[in-house]
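Written below as structure tokens is the structure these notes are about.
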Amino acid sequence: MTNKKNSKTNRKTRRPTKAEQERQAAIKRMLISLSLAVLLIFTCLRMGAVGVTLYNFVRVFVGSLAYPVMGSIFIYLFSLRRLKNILGGYLVQLVYWLVCC
């Protein structure tokens, strides 16, 4: 019994609280979104070897709809976070697809 009590009090590192874990997850999501947005900008503008290579990969997968797909991904990255629900994000993408096509 005393060993369990001592092991709890002798903890060397502190566990992060739930709020700290949520904050770290939000920071991680933000960094991933921003890095994907930068890659999409490079891809849309075909800047350098990275942009051309990524553009070619997108063209292989979706064909001539490369720009609408990249635009919808870009909108998805930023609008879904603000709207806070999946239906709103899909509606924004649907409007974008209708305008583009």
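Atom CE of Met30 sits about 10.5 Å away from atom OG of Ser35, to the nearest 0.5 Å. Between Asn56 atom CG and Arg46 atom CZ the span is 8.0 Å, to the nearest 0.5 Å. In this structure, CD1 in Ile27 is found 7.0 Å from CD in Gln24, a value given to the nearest 0.5 Å.
Two different hydrophobic clusters hold Val58 and Leu39 under the rule that ILVMFWY side chains link at heavy-atom gaps under 4.5 Å. The hydrophobic clustering, which links ILVMFWY residues whose side-chain heavy atoms are closer than 4.5 Å, places Val62 and Leu54 apart. One hydrophobic cluster, built from ILVMFWY side chains closer than 4.5 Å, cannot hold both Met70 and Val50; they sit in different ones.
Nearest approach of Gln21 to Pro16, heavy atoms of both residues: NE2-O, 3.8 Å.
Side-chain atoms of Glu20 come within 3.5 Å of backbone atoms of Thr17 as a donor-acceptor pair (strictly under, hydrogens ignored).
Here the rule is side-chain contact (heavy atoms from CB on, under 4.5 Å) with Ile41, and of Val38, Thr43, Leu45 only Leu45 fits it.
Under the ring-ring contact (aromatic ring centres under 6.0 Å, His included) criterion, the residue pairs touching residues 22-57 are Tyr55-Tyr67, with sequence neighbours excluded.
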